[in-house]
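Notes follow once the structure below has been shown.
In what follows, chains are A, B, ... by sequence order, proteins preceding strands, each numbered from 1. Hydrogens, waters and symmetry mates play no part in the numbers below; they use all other heavy atoms, side chains included.
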Amino acid sequence: ELKVEQNPLFLSMQEGKNYTIYCNYSTTSDRLYWYRQDPGKSLESLFVLLSNGAVKQEGRLMASLDTKARLSTLHITAAVHDLSATYFCAVRQGNSGYALNFGKGTSLLVTP
Amino acid sequence: GAVVSQHPSRVICKSGTSVKIECRSLDFQATTMFWYRQFPKQSLMLMATSNEGSKATYEQGVEKDKFLINHASLTLSTLTVTSAHPEDSSFYICSARDRGLAFYEQYFGPGTRLTVT
């Protein structure tokens with residue numbers, strides 16, 4: 001069974017600070033996703049990581065993938081309040097028609 | 001491109017009644033659609049995988065007689081919650097997999113908030 005673990009689950013950080021969210025998964029997968037979810041909303045796609053060593057950046061967020069360690073990170077640089085949201089990583093299952101298996105999510109609160 | 005819609009966005013129903021939720025791929029054909037459920041402050045859990053023209057595959061613990069899924073066309077899948085109870089109150093999100101892309105990418109709908117009173 002594919003398991004996806006995120007940590008931390010809750011993160012309160014000050015504006016301007018840096019932090020990293022970690023995502024570990026238990027079995028081989030061909031891609032890893034990062035999503036953002038605002039309260040009451042659906043998922044917003046942030047990154048799709050396809051290969052070992054992949055790194056993608058968008059604004060203050062940077063995601064990386066180490067397939068050998070089965071680890072992905074989402075790094076936040078100089079956080080701003082607008083980044084407050086819940087962030088999910090998800091790994092694509094080989095069975096179930098390529099459905100996604102989600103981590104529990106990291107609830108991020110950026111404070112002044 | 002790659003837009004998925006859901007209808008309704010929000011529904012309130014009485015216990016014992018049935019509710020139908022639609023998921024449509026607006027600008028692509030989706031041979032496969034997925035239904036997820038998200039309880040407050042929790043993650044998304046896959047309920048079922050729906051393939052066009054065939055029966056849905058349900059995840060363990062999901063009652064197929066309670067959550068009826070129909071995927072009659074390449075752009076529409078429906079989820080009917082039958083005899084709804086308060087514990088079925090949740091955020092239901094569908095996603096659709098694009099058959100046209102080599103990597104079978106999937107796109108999420110905006111979700112349907114179901115409240116059963």
Side-chain angles (χ1 to χ4, degrees), chain A residues 1-11 21-26 29-51 54 56 65 74 84-109, chain B residues 1-6 9-10 21 23 30-52 54-62 69 71 77 90-99 101-115:
Chain A
E1 180 189 346
L2 175 58
K3 294 184 178 179
V4 183
E5 294 186 355
Q6 266 181 260
N7 70 84
L9 298 183
F10 300 97
L11 177 56
I21 300 170
Y22 297 88
C23 175
N24 288 92
Y25 54 100
S26 60
S29 176
D30 67 340
R31 60 188 59 197
L32 186 137
Y33 301 79
W34 284 98
Y35 292 95
R36 168 181 173 145
Q37 186 178 40
D38 291 295
K41 303 291 187 181
S42 187
L43 302 179
E44 174 190 349
S45 178
L46 296 175
F47 303 107
V48 181
L49 302 170
L50 302 179
S51 59
K56 290 192 175 182
L65 178 62
L74 180 66
S84 297
T86 299
Y87 294 85
F88 291 96
C89 66
V91 178
R92 195 164 83 163
Q93 303 179 35
N95 52 9
S96 294
Y98 297 108
L100 299 187
N101 201 327
F102 286 83
K104 291 187 175 181
T106 297
S107 180
L108 172 65
L109 175 64
Chain B
V3 178
V4 177
S5 70
Q6 280 184 245
S9 59
R10 187 179 295 266
I21 302 170
C23 176
T31 50
T32 303
M33 291 185 173
F34 306 95
W35 288 95
Y36 297 84
R37 179 169 55 182
Q38 185 180 32
F39 292 109
K41 306 291 186 185
Q42 294 188 25
S43 187
L44 281 76
M45 296 298 293
L46 178 68
M47 297 177 65
T49 301
S50 164
N51 291 299
E52 185 261 340
S54 63
K55 290 184 178 181
T57 302
Y58 292 83
E59 295 299 298
Q60 194 171 8
V62 177
I69 293 173
H71 191 161
S77 176
S90 187
F91 193 42
Y92 292 86
I93 305 175
C94 73
S95 70
R97 200 179 80 185
D98 189 337
R99 70 184 295 199
L101 293 177
F103 292 111
Y104 300 108
E105 199 51 82
Q106 61 179 279
Y107 304 92
F108 285 86
T112 296
R113 175 87 48 198
L114 170 63
T115 303

Within the distance-only criterion (no hydrogens, no angle test), does the side chain of S43(B) pair as donor or acceptor with the backbone N or O of G103(A) below 3.5 angstrom?
yes
Contacting region of F102(A) [heavy-atom separation from chain B under 4.5 Å]
both
Max heavy-atom pair count under 4.5 Å with chain A, selected residue of G111(B), P40(B), P110(B)
P110(B)
About how many Å separate [atom2] of [Y] and [atom1] of [X], when rounded to the nearest 0.5 Å?
X	Y	atom1	atom2	answer
I93(B)	K41(A)	CD1	NZ	12.0 Å
L43(A)	S95(B)	CG	OG	9.0 Å
F108(B)	Q37(A)	CZ	CD	10.0 Å
K41(B)	K104(A)	NZ	NZ	15.5 Å

Please indicate whether F39(B) has more than 12 foreign heavy atoms, meaning atoms of other residues, nucleotides or ligands, lying under 6.0 Å from its CZ.
yes
For residues Y98(A) and F34(B), establish whether the separation of their ring centroids is below 6.0 Å.
no
Closest heavy-atom contact between G109(B) and S42(A)?
O-OG, 2.5 Å
For the residue pair Y36(B) and L100(A), what are the closest heavy atoms and their distance?
OH-N, 2.9 Å
Applying salt bridge (Lys or Arg N to Asp or Glu O under 4.0 Å), can you list everything that pairs with R37(B), at least two apart in sequence or on another chain?
none
Is chain A contacted by the side chain of Q38(B), its backbone, both, or neither, given a heavy-atom distance below 4.5 Å?
side chain
